[in-house]
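Step one of this worksheet: look at the structure below.
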Amino acid sequence: MEIILLFISAIFVSNFVLHKFLGICPFLGVSKKFSTAMGMTGAVIFVMTLASVVSWLVYHYLLVPYGLEYLRTLAFILIIASMVQLVELVLQKVSPALYSALGIFLPLITTNCAVLGVAILNIQKEYNLLETTVYGFAGAMGFGLAILLFSGIREVLDLADTPRAFKGTAIALVTAGILSLAFMGFAGIV
Amino acid sequence: MSMEQDKTGASPPEVAAAGGDPPAPPPAKPAPPDKAEPPRAPRLVVSTSPHVHRDQDVPRIMRSVVWALVPGILVGLWFFGLAALQVYAIAVAGCLLFEWAFRRMLGRPGTLGDWSAVVTGLLLAMNLPAGSPWWLVVVGCLAAIVLGKQIYGGLGYNPFNPALVARVVLLVSFPVQMTTWPAQGGPLTVDATTAATPLGAIREALSVGQTVPQAMAGADFPVWKLLVGMRGGCLGEVSVIALLLGGLFLLRKGHIKWQVPVGFIATVFLFTGAAWLGDPERYANPLYHTFSGGLFLGAFFMATDMVTSPVTRRGMFIFAVGCGLITVIIRLWGGYPEGVSFAILLMNAATPLIDRYTKPQVFGAKRKLYEEAKAA
Amino acid sequence: MIVATTVMAGLGLLAGLGLGLAARFFAVEVDPRQEKILDVLPGANCGGCGYAGCNDFAAAVARGEAAPDGCPVGGAETAVAVARIMGLVVEEKERRVALVLCQGTREVAPSKFRYNGMASCASAALLAGGDKLCRWGCLGLADCQVACAFQAIEITEGGIARVIPERCTACGKCVAACPKDLIKLVPESAPIHVLCSSRDKGPVARKACQVACIGCKKCEKFVGDESMKVEDWLALVDYDHPPRDPAVAGECPTGAIVELHLDAKKPVH
Amino acid sequence: MKFKGGIHPQYNKGTAALPVEEMPLGARYVVPLAQHLGAPGKPVVAKGDRVGRGQPLSEPGGFVSVAVHAPTSGKVTAVKELPHPLGLEMTAVEIEADGEDAWWEGVQPRGAWREMDPAALRDALRDAGLVGMGGATFPTHVKLSPPKDKPIGTFILNGAECEPYLTSDHRVMLEQPREVMEGVGLFMKVLGVTKAYVGVEANKADALDALKAACPPDLDVAFALLEVKYPQGSEKQLIYALTGRTVPAGGLPMDVGCLVQNVGTAVAAYEAIAKGWPLIQRVTTVTGAAIRQPKNLRLRVGTPLGDVLAFCGGLTEDVAKVVYGGPMMGIAQFSLDVPIIKGTSGVLCLPDAEVVQYLADACIRCGACVDACPMGLLPSTLGVLCERDRWEDLEDFNVADCIECGSCAFCCPAYRPLVQLIKRGKAELRRIQKMRQQGAA
């Protein structure tokens, strides 16, 4: 039950993008088309889940024994960076179309604060390995939900007669704001 | 009207109107003598087919919505009195003003004639507590018209229901004012004491450790009171019967499809019913849930907003069920006592995705039909 | 301290090793010239070259699929720079400017019907070729203006398109957008232009538009060489060797031939 | 069976009670060579030639092409580009009538269709210049030559006449039921089918009764009254309504073994065989609030529109639109010099007050067009995509299945010119697909 609540809360209530405001860069950058948002979601789910697990392991089995907790940010960034690199290499080979569609934002998952965020939150909240895995996965799902909803809206906005001054990122930010307001409705659940 | 307009890259394709100048005088009459043979204006209009049109346009639809809102508004005025009138007046005037001013600022043609700003103003007022201070209403108008609609390009392009954007902006920004419910004091009320809403009463009771049956006994909201509208709440949401009347009118006119209100209300009823059967100590009965809060207002007038809901019937139904589910989740387990606005807003956000996955079946696209026909 | 350093170094080493292996297995080659070309391109991402943005064009050049002088915005300088990266030499071209070959305003070119529909030339042209009696003329519904990324086209009061030469980058978007093929990229130094595209016979053309070229050949006789020629009742300027004597404009009985100085620095009239 | 979607416009079929009048012979006729879908014919007469009534003026320009014939006897005064109802100038033969209206000697009865060979019948129909007279003007002989792997088992006579205002088919069914049914038999013979359906909208029950009464006993024909709904007369919808078969998307009626012909075509086919008459006349409804005397007229193909309108008392002063065909799919005309052609089922004259003013207001996503589309498309989305030149995205929304019936634009409360947008989109997408194919090849 706890696990399920954790899962739901990470997706809806404390959504990484719309509640914690983490991972805004890819959220805005890769949400112009539904298909790329889909690809980004896949990549983020992979990276976030794996990063949660690996960083948890590294933290508990490497840093803690040596009393190096203060190095966790550094270590996590290292892990995440190399993992993203890995995804990038694989994608470039396996799906060049998705690779070029994700463009600059793929390497930017490295600096996707959602990934680092989830790794650090896992430690802060003193989750065990199972909780860590679920939280990482659910957090990524929440990110995916937000970016997919958002990309759907943006595809439609692309066809709208938006005033010049608001075209593009401006209107996207306004929309993200309203979306975040709407997600506030979930506040208080679990 | 369109030719003179700004035609830079960002501006939309426009329609060239043919009717600008009146048709040339018939040849029988002598031409006006003062003009030295200007190029003769052609008489015939050419456009693509069809050359006839249904007797229906956007302003007329919007006016129908206004008519449909009238019963709900009247009941609100009766119960909440002059304080309500003030809110309605400011909301409508404010929406019209912001609509006019913002369009003008952008150098776009005025759209007051389509009546959509009036509808937004009325709906916004109906979603506010009676006796909302004037500045709250004005901020709401600004949020609805500018943030919710015109920033996106105006009617038709807004992804979210403007009145709901405003309500949620206000609810999040001014929680105290937005949850202070004046008691119903009759038509001449100007200033009233506060009262509880049905959903708020339960929330309150649960938080002090009472059970739901105890709370309901204390709050005294029998179903007939809920139907008539004798309860605290937003201006326009109190009377189920009045709202139903307007909603049926719109259904009959064909401006809303039954899938939305039925799907929405039925989902709330069934879901809360299931919860109630599971634990009547913790959850109120489904009738109580169905007839309280802003469910009828939302289901008939907000979730049915054409612009922000799916275009296909199937999509509308999915949309409505989604609204119902989220509403109940927020009501039963969320921090806010009422979730209709949030639910509709969230489903507005999901509308493009619903549209994407509910494309209608193209005539003849089903391979099976074809095979069947061949066998026949 | 030493432990910390060791741990971190070990982690880094491990990650590096993994990545190195991955790079080996999933290696994809990228032409280094592509990046260099991208650096010298103007970066307008206008698509005037026919590719989806500058990066795409750079890749195409690097693959040898596109010509180095394919960027219309960057002009000669860019072409030379790109060619140098590719190890080629290109001829320097004169800057070109788009020009709308029609001056049939609504006052001089009557309509045959009242049009009601989308304000788009391409859509209007599908209905009986547009509402103008002259079936060659500019419909003034701004398809070119919408296509232009540089706001270099305006619709005049007479309801026809006009290119603002100072802003034109000769990307050619308007040329493709015009359903009547009225827009041409011309060398900016050419002084004489025939602002008409009607290939109707003289009397027909004249009836449809007071400033139409009626194919009378007076200009052809006046210049006396190959620089101007009448084809299908329409005078054409040979833009490779344009006529230089502005007096030819005065010869035209309908005023279809005009003297225009499109060079960006000079005032335009 | 009822098809999904469709609309209920005001029918305005006031001319249904008016018997068909013969239009008197005129002085001048203009016969365009292109009056059918397909390659235009090549002229076989020149300026100065004398021609007899029914004499061929052109020869087919290919298989999907038919000849045109002289509507009356007289002198060819020109073979040149002249205004055509499609809006452009096209090659046409101009004939000055000599008033004698003498038949060309080649016009002779072909015999009784019951005794003739199907191939001979088909050739005779081709030589008579027969095309579908409902408005699409597809050459009849081509339609009657289905490929071997798509055998036709069912013939369908289209008497739906679902377009508002038009009553020409209605009058033909009432006044010439025998010719219509003989035509049905003739088509069945050509195709070798034994089963036929006749479908007529329920607002023309009298026509169906007349046909039933005139049906020759040797034909197995099922008569059906159809729901009054536009576009009931569209081939795919009609086939579905009558037989329950669904023509696959992108397919033709022959994919479900059906073939549909219009009432007028049946009469013309019968006359082409029994009397040897080529297609030089047709029944046309001249109607609308802007014509002084609405009429159903039997007209010679090639009659100038101006003459027709004058015969109907002329246009009112507030006329603002003249449409060839019905109001839902007809083509607006700007010149009164165009001639009546084989596909002109009606001439609709609308006054200023009744002219639809299309606007470019934003789509309010009301879904009215989605409910109305008989093909199950999303006209609202198609319209928006076309408006923003997103041609390639149209493919995902099956734009090619649009039959341009106009139901969407008819009910759009924002008065968006959806048909214009979608027509353009279809053309652009076809262009792109062609380029893609060439690129692949």
Side-chain angles (χ1 to χ4, degrees), chain A residues 1 4-5 8-9 11-15 17-19 27 31-35 37-38 41 142 144-190, chain B residues 6 8-14 102-103 105-108 143 146-148 150-154 156-162 164-165 167-169 171-173 203 326-327 329-357:
Chain A
M1 194 62 200
I4 294 172
L5 278 182
I8 290 173
S9 125
I11 293 179
F12 294 105
V13 186
S14 49
N15 186 290
V17 180
L18 298 170
H19 186 253
F27 177 69
S31 54
K32 274 200 186 126
K33 290 198 78 163
F34 182 76
S35 48
M38 208 64 154
T41 305
L145 174 73
I147 197 171
L148 288 181
L149 283 179
F150 194 53
S151 69
I153 300 176
R154 282 191 81 177
E155 278 197 1
V156 176
L157 286 187
D158 208 29
L159 297 167
D161 176 25
T162 314
R164 215 89 162 249
F166 298 107
K167 254 196 168 6
T169 314
I171 198 71
L173 280 166
V174 172
T175 310
I178 298 177
L179 196 57
S180 155
L181 277 180
F183 264 79
M184 286 181 85
F186 287 122
I189 301 176
V190 291
Chain B
D6 151 80
T8 42
S11 86
E14 297 279 335
F102 201 73
R103 297 283 302 186
M105 237 171 69
L106 292 175
R108 296 189 172 199
V146 177
L147 201 61
Q150 288 301 342
I151 233 183
Y152 289 99
Y157 297 123
N158 48 311
F160 301 102
N161 184 322
L164 284 180
V165 169
R167 177 179 150 85
V168 169
V169 164
L171 191 60
V172 171
S173 316
R203 183 55 60 100
I326 299 175
T327 299
I329 290 174
I330 294 177
R331 276 191 187 177
L332 298 187
W333 299 296
Y336 289 95
E338 171 60 313
V340 170
S341 317
F342 289 111
I344 298 174
L345 217 50
L346 281 165
M347 290 313 287
N348 283 164
T351 294
L353 296 191
I354 295 175
D355 270 341
R356 171 182 285 266
Y357 290 109

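Reckoned from all heavy atoms, side chains included, excluding hydrogens, waters and symmetry mates. By convention in this document, chain letters (A, B, ...) are assigned in the order of the sequence lines, proteins followed by strands, and residues within each chain are numbered from 1.
Under a 3.5 Å cut-off, the side chain of A:S14 and the backbone N or O of A:S9 do form a donor-acceptor pair.
The shortest side-chain heavy-atom distance between B:V172 and B:Y336 falls under the 4.5 Å cut-off.
Interface summary for chain B: among A:L179, A:L159, A:T175, the most heavy-atom pairs under 4.5 angstrom belong to A:T175.
For A:L181, the parts sitting under 4.5 Å from any heavy atom of chain B are the backbone and the side chain alike. Proximity to chain A is absent for every atom of B:L171, based on heavy atoms less than 4.5 angstrom apart. Of the atoms belonging to B:L106, it is side-chain heavy atoms, and not backbone ones, that fall under 4.5 Å from chain A. When heavy atoms are compared at a cutoff of 4.5 Å, B:I329 approaches chain A by way of both its backbone and its side chain. In this structure, the portions of B:Y152 lying under 4.5 Å from any heavy atom of chain A include both its backbone and its side chain. At a 4.5 Å heavy-atom cutoff, B:E338 makes no contact with chain A through either its backbone or its side chain. Using a 4.5 Å cut-off between heavy atoms, A:V156 touches chain B through its side chain atoms alone. Neither the backbone nor the side chain of A:S151 comes within less than 4.5 Å of any heavy atom of chain B.
Taking CD1 of B:I151 as the start and CZ of B:F102 as the end, the distance is 5.5 Å to the nearest 0.5 Å. The structure places CZ of B:R331 at 10.5 Å from CZ of B:R203, a figure rounded to the nearest 0.5 Å.
Using bins of under 30°, 30° to 60° and over 60° for the plane-to-plane angle, the ring pair A:F12/A:F183 lands in the parallel bin.
Among residues two or more places apart in sequence or in another chain, the ring-ring contact (aromatic ring centres under 6.0 Å, His included) test is passed with A:F150 by A:F27.
The only option from A:V17, A:L18, A:I11, A:T41 that meets the side-chain contact (heavy atoms from CB on, under 4.5 Å) definition with A:L145 turns out to be A:I11.
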